[in-house]
Enquirer: 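First the structure, then my questions, so here it is.
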Number of protein chains: 2
Amino acid sequence: MSAYGRALHALADETRRSVFERLRTGPRPVGELAKDLPVSRPAVSQHLRVLREAKLVRERREGNRRLYSIDPEGLLTLREYLDGYWGEVLAAFKSAAEREAKGYGDDERE
Amino acid sequence: MSAYGRALHALADETRRSVFERLRTGPRPVGELAKDLPVSRPAVSQHLRVLREAKLVRERREGNRRLYSIDPEGLLTLREYLDGYWGEVLAAFKSAAEREAKGYGDDERE
DNA sequence: ATAGACGGTAAGTGATAACTTACTGTAAGT
DNA sequence: ACTTACAGTAAGTTATCACTTACCGTCTAT
């Protein structure tokens, strides 16, 4: 699966977004993250793994605990994916808006 | 569910992204979209509904066919969501990177 | 060394969601 | 009017995925 695919899938889940958003203010250990969430600690661990594989989150051992923090790489990947669309969409949207009445593409018959 | 939640969920699916990407070059009818996809036409219809509810896609009737095109609103929503993070993340990441060695937050003991 | 905290992993369960085929509706063509 | 093309909807199936409890490893402290 693509990098942005993993990131999109990771952030598609509500609970996972909650975990992710609790990292906005800075690094947190797992127990801290699970404390005020409606799911169990193992569930949070599993979500963190998905987020980590999507490069949205980093883990760092500190003694007994593991501090999770936001990894900018995943966000950057997502941003680039969207920006890639943005230019094309604006162009295609503009130029195709009035042309869509007839043929529906640039590379199609008519 | 939030607007960006719907958009993230819609784009999390591989097949749905394929449909979405086929609209990059301009509007297409459903049959045209389904033609070179590994799933049935009704499946594509169902995906289009999800994309439409996420405001990622628009539908426009033209005679017998329905032309689908990209709706910039969903992309914009997503962009704003990410940008909301972006500023915070860069700031928090920078300032918290070296501080994470001790207390793990801004509002915590230690 | 034993105990207690922290947290990842395994295995199983239930709900969701992506697919299929069958059906319905509508617009255009003959 | 009848047929054909286009596409949304219904119903049912299967696979995925988020969750649970139970278990295991590791680090710190006593």
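Naming: A, B, ... by sequence-line order, numbering from 1 per chain.
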Enquirer: Rounded to whole angstroms, how far apart are CD on A:E59 and C1' on C:dT9?
Expert: 14 Å
Enquirer: Using the rule that two of Ile, Leu, Val, Met, Phe, Trp, Tyr join whenever any of their side-chain heavy atoms come within less than 4.5 Å, decide whether A:I70 and A:V50 are in one cluster.
Expert: no
Enquirer: On DNA chain D, does the nearest nucleotide to A:H9 precede the nearest nucleotide to B:G31 from the 5' side, or the other way round? Give the residue.
Expert: B:G31
Enquirer: If we check salt bridge (Lys or Arg N to Asp or Glu O under 4.0 Å) with A:E59, which of these qualifies: A:R28, A:R49, A:R65, A:R66?
Expert: A:R66
Enquirer: I want to confirm an ordering. Mapping A:D13 and A:R66 to their closest nucleotides on DNA chain D, which one lands closer to the 5' end?
Expert: A:D13
Enquirer: Verify the contact: side-chain N or O of A:Y68 to OP1 or OP2 of C:dG8, cut-off strictly under 4.0 Å; return yes or no.
Expert: yes
Enquirer: Using a 3.5 Å distance criterion without hydrogens, assess whether the side chain of B:R17 forms a donor-acceptor pair with backbone atoms of B:L11.
Expert: yes
Enquirer: To the nearest Å, how far apart are A:K35 NZ and C:dC6 C1'?
Expert: 15 Å
Enquirer: Taking NZ, NE, NH1 and NH2 as the nitrogens, is one of them in B:D71 or B:R52 under 4.0 Å from a carboxylate oxygen of the other?
Expert: no
Enquirer: Distance check needed: C:dT20 P versus B:L37 CG, whole Å only.
Expert: 11 Å
Enquirer: Below 4.0 angstrom from OP1 or OP2 of D:dA18, is there any side-chain N or O of A:T15?
Expert: no
Enquirer: Taking the six-membered ring for Trp, are B:F20 and A:Y85 parallel (under 30°), tilted (30 to 60°) or perpendicular (over 60°)?
Expert: tilted
Enquirer: Whether the side chain of B:N64 and the base of C:dA28 hold a donor-acceptor pair under 3.5 Å is what I'd like checked.
Expert: no
Enquirer: Please give, in whole Å, the distance from C:dA27 P to B:R60 CZ?
Expert: 15 Å
Enquirer: Would one find a side-chain N or O of A:R65 under 4.0 angstrom from OP1 or OP2 of C:dA5?
Expert: no
Enquirer: Check whether A:R6 reaches the backbone of A:M1 with its side chain - one donor and one acceptor, N or O, closer than 3.5 Å.
Expert: yes
Enquirer: Would you kindly give the CG-to-C1' distance between A:L8 and D:dC17, to the nearest whole Å?
Expert: 17 Å
Enquirer: Between atom CZ in B:R61 and atom C1' in C:dT26, what is the gap in whole Å?
Expert: 10 Å
Enquirer: Starting at atom CZ of A:R52, determine the distance to atom C1' of C:dT9, rounded to an integer number of angstrom.
Expert: 12 Å
Enquirer: For A:E62 and C:dG8, what is the distance between atoms CD and P respectively, to the nearest whole Å?
Expert: 14 Å
Enquirer: Is a donor on one side and an acceptor on the other found under 3.5 Å between the side chain of B:R16 and the backbone of B:H9?
Expert: yes
Enquirer: Among residues 40-50 of chain A, which residues get a heavy atom nearer than 4.0 Å to DNA chain D?
Expert: A:S40, A:P42, A:A43, A:Q46, A:H47
